[in-house]
2 protein chains.
Amino acid sequence: MSPHPVTSVDVARATGLSQATVSRALNGGVVSAAARERVLAASRDLGYRPNDVARGLVTRRTGTVGVVVSDILNPFYPEFLEALGAALGARGGRMLLQNAASGGAEGEATAIESLLRQRVDGIIVTAATDDSSAVRELVASGFPVVLAHRTLPIAVDTVESDNAGGAALMAELLHRRGHRTVGVLEGDPGTSTARQRGEGFAARARELGLTVQTTPAGFAASTARVAADAMLSRGERPTAIVGHNDTIALAALNAARELGLRVPRDVAVAGFDDIAAAGWAIVGLTTVRQPTARMAQRAVDLLAGRIEDPSLPPRREVLPVELIERTSTGGAA
Amino acid sequence: MSPHPVTSVDVARATGLSQATVSRALNGGVVSAAARERVLAASRDLGYRPNDVARGLVTRRTGTVGVVVSDILNPFYPEFLEALGAALGARGGRMLLQNAASGGAEGEATAIESLLRQRVDGIIVTAATDDSSAVRELVASGFPVVLAHRTLPIAVDTVESDNAGGAALMAELLHRRGHRTVGVLEGDPGTSTARQRGEGFAARARELGLTVQTTPAGFAASTARVAADAMLSRGERPTAIVGHNDTIALAALNAARELGLRVPRDVAVAGFDDIAAAGWAIVGLTTVRQPTARMAQRAVDLLAGRIEDPSLPPRREVLPVELIERTSTGGAA
DNA sequence: CTGAAAGCGCTAACAC
DNA sequence: GTGTTAGCGCTTTCAG
């Protein structure tokens with residue numbers, strides 16, 4: 001007793017029309033008003049639910065886009081996905097989510113392979129890394145892809161934010177607040193975000209005469225915590241620490257707290273992204289805000305355009321960021 | 001120039017075998033080792049990628065399960081999804097994610113409808129509400145469904161945690177810490193979680209002689225914040241506040257901070273779920289830990305069982321919780 | 001405007 | 001073991 005074996009043939013039978021006409025009626029094809037009426041009524045009565053799988057087989061369009069994220073536990077991604085889902089929904093699209101982190105070994109490649117077998121219409125990748133050979137191959141194959149949040153030095157549609165610019169603003173802020181030695185907890189090497197934030201900061205810091213100490217921390221909370229502990233326990237501890245994302249900065253905040261250091265008095269802390277927690281009163285993390293929702297919206301727009309016309313030249317969008325100063329750098333009360 | 005028009009027919013042609021044999025070779029059917037060898041080689045050379053859509057049409061199995069969440073911005077859900085993705089991945093399954101919150105009007109019904117058209121093999125709902133008519137109908141139709149985190153008073157597979165028990169533990173803890181008047185910021189009415197946590201707490205509180213003040217707060221940060229502000233600004237402010245989830249408790253923590261109240265000295269705060277932020281040193285939120293990963297794992301197991309044998313009687317699992325005391329109730333340093 | 005017919009790419013009997 | 005033959009449920013010519 002299968003729950004829903006009702007097909008368009010059943011509807012056709014019920015209306016006395018042909019199956020083809022039922023299809024047309026349901027998809028806005030050319031049919032008499034009377035016929036459409038009958039089809040709609042019968043569909044409702046029978047509880048007919050179009051089979052998108054069959055539809056996808058013949059149209060070669062599934063209405064589904066694959067989304068690859070690197071670490072859904074980083075609050076930045078849920079915020080991105082929230083906006084992405086809304087943007088996609090507005091276009092009648094669905095989202096097949098793949099969390100590369102939990103994908104095991106080389107999750108990314110597996111994730112992409114799986115999405116392709118499912119015949120998604122396109123893929124949005126937020127997990128790109130320099131050694132993402134799977135992503136490179138995917139792009140090279142001509143399949144509709146857009147890179148969001150992170151980019152790669154290849155010809156592909158991209159939306160990212162002005163990480164270097166934001167980092168420069170951050171350097172200026174810290175300098176203005178009197179810091180002369182700042183520690184940088186760097187994100188995963190091989191990611192464009194870490195590179196842009198690192199270089200953008202270093203460049204402006206150099207101009208300002210800041211001394212910069214860098215340490216690899218990784219974008220995840222666990223690895224970041226270790227790096228933060230080490231940096232804060234050093235003899236010549238920097239007076240300010242900037243993490244390459246808010247998760248890292250938060251780890252630094254926690255490390256400082258447990259080491260008995262006061263923020264910002266003993267050490268100032270700042271991050272990137274402006275996830276919700278950064279704005280909490282009990283956190284007050286100074287950070288470079290990324291226009292997350294707009295980024296998601298643009299990613300969907302770019303992908304839609306690409307799917308419609310695969311011959312489009314690759315587009316690269318860089319969204320403006322905004323420095324949000326909060327208590328962790330002594331900016332506000 | 002479509003990127004990947006390679007079909008099993010192409011592979012058949014390349015090997016000189018029949019298309020059916022190619023299919024068998026790829027799916028572990030009965031074929032000679034030699035044939036399998038040739039098929040595998042040719043598939044690799046041609047870049048053949050099985051079309052899961054076509055496969056799904058004939059097998060009536062898509063290998064995809066739909067997941068409906070109520071609010072992906074609540075960190076509990078990403079944590080749940082992370083585990084869900086892993087559990088699903090281990091079984092070779094995929095996840096079609098639908099965020100009911102961003103689904104607009106009656107997002108839930110739309111979400112479910114969309115999933116059904118996609119012919120997912122089953123659906124995991126974490127967004128169930130008393131007036132989720134769509135969910136009730138879905139269950140009534142016999143379609144494989146499992147409710148996780150929240151439940152409904154109907155015959156359906158369910159995994160939830162011992163919310164009432166956890167709430168009782170919480171009442172005991174607060175009583176033990178000397179509180180006699182506690183405020184409860186309640187989650188969305190019509191959700192089993194809010195009801196169980198509310199009733200479990202009230203029952204034990206009554207036995208202990210605690211005075212309980214309740215106020216609707218809603219599970220979202222924004223609404224919770226308003227309720228927390230109101231409760232903390234009252235004349236006879238309670239000495240302890242418990243939120244029906246960590247997001248609410250966090251809102252209370254932030255409200256307290258902005259009102260100049262010290263936690264736990266002026267007011268103790270506690271929540272439910274034990275999201276990652278609760279454990280941060282700068283937060284230290286006492287909370288009832290939910291076995292999120294296990295819940296996800298069980299949800300997948302139950303769904304798999306249900307899909308395999310729809311005639312199974314409905315099962316209901318209640319997972320044990322654990323009270324984690326941290327600084328927000330004065331328990332630790 | 002509507003029906004008949006041909007597949008989309010694959011699995012699953014059914015013969016050989 | 002392997003090939004042949006039917007479809008899965010739908011869209012889309014092509015006639016009429």
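Here is how names work: the chains are called A, B, and so on, in the same order as the sequence lines, proteins then strands, and each is numbered from 1. Just so it is clear, the values below take in all heavy atoms, side chains as well, and ignore hydrogens, waters and symmetry mates.
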Exercise. With heavy atoms under 4.0 Å as the rule, sort A/Val30 into base, sugar-phosphate or nothing.
Key: base
For nucleotides 9-13 of chain D, tabulate all protein N/O to nucleotide N/O atom pairs closer than 3.5 Å, reporting atom names and distance.
residue : atom : partner : partner atom : Å
D/dG9   : OP1  : B/Arg60 : NH1          : 3.3
D/dG9   : OP1  : B/Arg60 : NH2          : 2.7
D/dG9   : N2   : A/Ala54 : O            : 3.4
D/dC10  : OP1  : A/Tyr48 : OH           : 2.3
D/dC10  : OP1  : A/Asn51 : N            : 3.2
D/dC10  : OP2  : A/Ser8  : N            : 2.5
D/dC10  : OP2  : A/Ser8  : OG           : 2.7
D/dT11  : OP1  : A/Asn27 : ND2          : 3.1
D/dT11  : OP1  : A/Arg55 : NE           : 3.0
D/dT11  : OP2  : A/Ser23 : OG           : 2.4
D/dT11  : OP2  : A/Asn27 : ND2          : 3.3
D/dT11  : O4   : A/Gln19 : OE1          : 3.3

Quiz prompt | Span of DNA chain C, from the first to the last nucleotide whose atoms fall under 4.0 Å of chain A heavy atoms | solution = C/dC1 to C/dG9
Quiz item: Is any side-chain nitrogen or oxygen of B/Ser18 closer than 4.0 Å to OP1 or OP2 of D/dG3?
Solution: yes
Quiz item: How would you list, by chain and number, every residue that makes a side chain to side chain donor-acceptor pair (under 3.5 Å) with B/Ser18, sequence neighbours excluded?
Solution: B/Thr21
Quiz item: Sequence neighbours excluded, which residues qualify as side-chain contact (heavy atoms from CB on, under 4.5 Å) partners of B/Glu37?
Solution: none
Quiz prompt | Selection residues 58-78 of chain A - residue pairs positive for ring pair (Phe, Tyr, Trp, His ring centres under 6.0 Å), sequence neighbours left out | solution = A/Phe76-A/His149, A/Tyr77-A/His149
Quiz item: Which salt bridge (charged side-chain N to carboxylate O under 4.0 Å, His left out) pairs, counting each pair once, include a residue from residues 135-156 of chain A, with sequence neighbours left out?
Solution: none
Exercise. Would you mind listing every salt bridge (charged side-chain N to carboxylate O under 4.0 Å, His left out) that reaches into residues 7-30 of chain A, with sequence neighbours excluded?
Key: A/Asp10-A/Arg13
Self-check item: Summary of salt bridge (charged side-chain N to carboxylate O under 4.0 Å, His left out) pairs that have at least one residue in residues 296-310 of chain A, sequence neighbours excluded
Solution: A/Arg91-A/Asp301, A/Asp157-A/Arg306, A/Arg298-A/Asp301, A/Arg298-A/Glu317
Quiz item: Residues two or more places apart in sequence or in another chain: which of them pass side chain to side chain donor-acceptor pair (under 3.5 Å) with A/Thr126?
Solution: none
Quiz item: If we fit an axis to the first five pairs and another to the last five of the helix from C/dC1-D/dG16 to C/dC16-D/dG1, what angle do they make, to the nearest 10°?
Solution: 40°
Exercise. Provide the full list of salt bridge (charged side-chain N to carboxylate O under 4.0 Å, His left out) pairs with a residue in residues 55-79 of chain A, sequence neighbours left out, each pair given once.
Key: none
Practice problem: Mind listing the closest non-hydrogen atom pair of A/Val11 and A/Ser43 along with its distance? | Solution: CG1-OG, 3.8 Å
Quiz item: Mind checking what makes side-chain contact (heavy atoms from CB on, under 4.5 Å) contact with A/Pro310, not counting sequence neighbours?
Solution: none
